[in-house]
Amino acid sequence: MDIINYLKKHENKDMLRFLTCGSVDDGKSTLIGRMLYDSKMIFDDQLAAAESESKKYGTTGEKIDMALLVDGLQSEREQGITIDVAYRFFTTEKRKFIIADTPGHEQYTRNMVTGASTADVAIILIDARKGILTQTRRHSFIVSLLGIEHVIVAINKMDLVDFSEAVYNEISQAYGLLADELGIQNTYYIPVSALDGDNVVDKSNHTPWFQGKPLLELLDTMDISKEQKSENFRFPVQYVNRPHLNFRGFCGTIAAGSVSVGDDITVLPSGKTTTVKSIINAGNITEANREATVQEAYAPMAVTITTEDEVDIGRGDMIVHTHSLPRVSNSLKVMLVWMDDKPMTLGRNYDIKRATSVVSGHFEHINYKVDVNTYERTQVKALELNDIASCRMILTRPIASDSYKENRLTGSFIVVDRITNNTVGAGMIVGVSRRDEDVLKRGSKHYSDAEKALNQFIRDNFPEWECKTV
Amino acid sequence: MVTQERLTHLKQLEAESIHILREVAAEFSNPVMMYSVGKDSSVMLHLAMKAFAPSKLPFPLLHVDTLWKFKEMITFRDQRAKDLGFDLIVHSNPEGIDMDISPFKQGSKVHTDIMKTQALKQALNAGGYDAVIGGARRDEEKSRAKERIFSFRDKHHRWDPKNQRPELWNVYNTAIEKGESVRVFPISNWTELDVWQYIYLEDIPIPSLYFAKEQEVVEYEGTKIMVDDERMPEELRKTAKKEMVRFRTLGCYPLTGAINSTATTLPEIIKEMLLSTSSEREGRLIDKDQEGAMEQKKIEGYF
């Protein structure tokens, strides 16, 4: 193909991030190695390195161990397991792919959560000989917890069950029930043999009964646009750009929705309002024109916004459309994944980083802990490494909060230990805690004299009602 | 109602990188951006100029000059600094200068350690930077595939691959103590193809060494290297012959392998890259020293 046409085509490529779940035994690294190899992303010198390493650490006898192409760190190669998240890349004519390659064992749940956090699609590997295992349930739970809407079930090692359609049907049906239980929206099933490449890039001759697409074709064509569902404009202010007195721009990445010049906006948590004066889309800036503006911008563009009025806006604030305000609260119901060896203790202060804001806070109550294998809920007083629990989080300042379901970027946060500075947890906002009022509404509501008198009367005469002052 | 078309992969990568650069400027008090003059540095500089427009860059650029870089790289570097008006800090290891370190005499390992790794540490200590922005990509090498975008370094600039902070969504943990630092890699998720394609689309200036030209080259340790100055040993220089070559990466000229090529335009370079069968780092002599070489160098503080 003519190179100029090729470049034109590749300029307009989409990007898809996916996660692979499974353990070494399921042939996960082999599958990834196969995708990279068959899509020609493995270069000769890397292949030569894998060949020489196969002799040293390989587990596949005479064949090149595909897994060695992807297992990164030396210590891991020696142990023959993948212990951290590794990111791999390959490209087709339609899409660029980023693979988050994560370990499957229970002690590495946090690594899988990490990999899942940025993925649009998950590939869950199931060994055709073994069917759905405890780990399948665990991986599926994490995938649904992290809001991944598309799950490809790769039923692997079909060569070892004679490419049996019955085995494929049985596993597909069983997984369907699991997906329903977890509320996973879209599932796709493919019979594969990663070792030999059946149904990975090309359709296999061994599975004439299989009507679906091979893995790579599915990844290339599946519709993930529904991912961007929240239309409400959300703009976490990241950085204030002030080159001179006449320019004060608020920089950030649009987390959801779109914005146009002239839009009425509200700054949260302060509640102050103004209008969008100008928008710079950083992507459009050139060396020749460093002041290019646009009329509108949308997620996930990195932009700079200026306002009509001089309003106090800083890093950590959230700019939203005045007509679609999120709730603002310091008391949130969250799902928390604990990622540190040191347990989470109730009442202890942590730094909570959500989008661009860092606010200190603590966990007041653990509603329940979920067993990642059985989904059973239990009552606990502390959280250990890899525990996942529903908690009530109290912040020292209120924040504008969307639920993770509505918006992955404004509904998620990390927990940072204030002494070690480590990332010790990751959380997803479920909602504003019902017991607490919406700070914004409380602040903006205007009470009449009669209402104030009633409030005073109740507080004087019924202290046991614990009525708040208005 | 605004029509929200899905951004192309390059526009998504660009936005992600700009987000990372702004996060650094907002969260650190004394950041610096490594500038190696190569194509990845050129892309990073371009992204940073976008991120902070209409302002100038809020951080300086640091070039560790091993004194064995291609001459053209130095000219190019100084011209860019002049054109774009960024602060440029250049550092070379004074002890290395005293010892008159040469890759031809002491070999690549000693040269890289003293003039690159040690020089980098000196420059970072002298500057007291709390964040160091680098242009490494995850597709370059296997140990890089696992490194975080915000990668923590202790007081000795050491990386602990087995104890990395979890990194989720686009929420980056920037908390450190005094003396500690992070290395930040805004183009982690770009591939070599993405970088070239972006340079092409955005018309980003890069040194002409990337394009095929007739150059004086010699065979040296299994690679073709260019005769860039008189310091190349006489007996080697005697073997020089003119060939059409270009470079896939730029570094110290005695350690950077040239490839035979006729690609004189960006589309031709990209075409050649797509058809080539060896990965980019093959041209760098450093990685071959030992298996797991890069992982070891990174633990010691190399980029």
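Small disclaimer: the values here were computed from a predicted structure and weren't measured.
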Would L7(A) and Y200(B) count as a side chain to side chain contact (heavy atoms under 4.5 Å, CB included) if you check the C-alpha gap in whole Å, the side-chain angles of each, and the deciding distance to 0.1 Å?
-> CA-CA 9 Å; L7(A) 288 171; Y200(B) 174 61; 3.6 Å; yes
Decide side chain to side chain contact (heavy atoms under 4.5 Å, CB included) for R290(A) and M49(B); before the verdict, give the C-alpha distance in whole Å, the side-chain angles of both, and the deciding distance to 0.1 Å.
-> CA-CA 8 Å; R290(A) 300 198 15 91; M49(B) 292 302 289; 3.6 Å; yes
Check the pair N421(A), E177(B) against side chain to side chain contact (heavy atoms under 4.5 Å, CB included), reporting the backbone distance first and the verdict last.
-> CA-CA 8 Å; N421(A) 289 327; E177(B) 292 301 317; 3.0 Å; yes
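Neither the backbone nor the side chain of Q295(A) comes within contact range of chain B, judged by heavy atoms closer than 4.5 Å. For a residue to count as touching a neighbouring chain, one of its non-hydrogen atoms must lie under 4.5 Å from one of that chain's; by this rule I419(A) touches chain B with the backbone only. Looking at E27(B), the atoms closer than 4.5 Å to chain A (heavy atoms on both sides) all sit in the side chain, from C-beta outward. Contact of L84(B) with chain A is made through the side chain alone, with heavy-atom distances under 4.5 Å. With a 4.5 angstrom heavy-atom cutoff, L16(A) does not touch chain B via any of its atoms. In this structure, chain A has no heavy atom under 4.5 Å from any part of S17(B). Of the two parts of F152(B), neither the backbone nor the side chain holds a non-hydrogen atom closer than 4.5 Å to a non-hydrogen atom of chain A.
By number of non-hydrogen pairs under 4.5 angstrom with chain A, the leading residue of I18(B), I204(B), N173(B) is N173(B). Heavy-atom pairs under 4.5 Å with chain A were tallied for H46(B), E16(B), E180(B); the largest tally goes to E16(B). Highest contact tally toward chain B, considering only A302(A), A282(A), G252(A), is held by A282(A) [criterion: heavy-atom pairs under 4.5 Å]. In terms of heavy-atom pairs under 4.5 Å with chain A, the best-connected choice from L201(B), N170(B), L10(B), L47(B) is L201(B). Chain A forms more heavy-atom pairs under 4.5 Å with one residue of A145(B), A15(B), S188(B), P205(B) than with any other, namely A145(B). Ranked by heavy-atom pairs under 4.5 Å with chain B, the first of V303(A), D417(A), T420(A) is V303(A).
A distance of 6.5 Å separates CG of L193(B) from OG1 of T91(A), quoted to the nearest 0.5 Å. Interatomic distance, NE2 of H19(B) versus OG1 of T253(A), reported as 5.0 Å (0.5 Å rounding). Atom CZ of R138(B) and atom CD1 of I98(A) lie 8.5 Å apart (nearest 0.5 Å). With rounding to the nearest 0.5 Å, the separation of OG1 in T118(A) from CH2 in W169(B) is 10.0 Å. To the nearest 0.5 angstrom, E167(B) atom CD is 8.0 Å from T423(A) atom OG1. With values rounded to the nearest 0.5 angstrom, Y87(A) atom OH is found 15.0 Å from D139(B) atom CG.
Between K50(B) and E291(A), no side-chain nitrogen of the basic residue sits less than 4.0 Å from a carboxylate oxygen of the acidic one, so the salt-bridge criterion is not met.
For K56(B), the NZ atom counts as loosely surrounded, since its 6.0 Å shell holds 12 or fewer non-hydrogen atoms of other residues, nucleotides or ligands. Within a 6.0 Å sphere centred on CG of D203(B), other residues, nucleotides and ligands contribute 12 heavy atoms or fewer.
Residues L168(B) and S117(A) share a closest heavy-atom pair of CA-OG, 3.4 Å. G283(A) and K11(B) get closest at one heavy-atom pair: O-NZ, 3.2 Å. Annotation for I280(A) and P54(B): closest pair CD1-CD, 4.0 Å, computed over non-hydrogen atoms. Considering all non-hydrogen atoms of both residues, E202(B) and I285(A) come closest at OE1-O, 4.5 Å. Residues I414(A) and Y172(B) share a closest heavy-atom pair of CD1-C, 4.3 Å. Of all heavy-atom pairs spanning R165(B) and N422(A), the tightest one is NE-OD1, 3.9 Å.
Looking only at atom types and distance, the side chain of T304(A) has a donor-acceptor partner in the side chain of R22(B) under 3.5 Å away. With no hydrogens or angles considered, a side-chain donor-acceptor pair links E23(B) and Q238(A) at under 3.5 Å. Donor-acceptor pairing under 3.5 Å is recorded for the side chains of N241(A) and S55(B).
With D14(A) contributing its side chain and H9(B) its backbone, the two residues share no donor-acceptor pair below 3.5 Å.
Residues Q12(B) and K96(A) fail the side-chain proximity criterion, which asks for heavy atoms closer than 4.5 Å. At a threshold of 4.5 Å between non-hydrogen side-chain atoms, the residues F413(A) and V171(B) do not count as touching. Side chains of M15(A) and L13(B) form a contact here, defined as non-hydrogen atoms less than 4.5 Å apart. Looking at K13(A) and T8(B), their side chains never come closer than 4.5 Å, going by heavy atoms from C-beta outward. Counting heavy atoms from C-beta on, the side chains of F52(B) and P243(A) never come closer than 4.5 Å.
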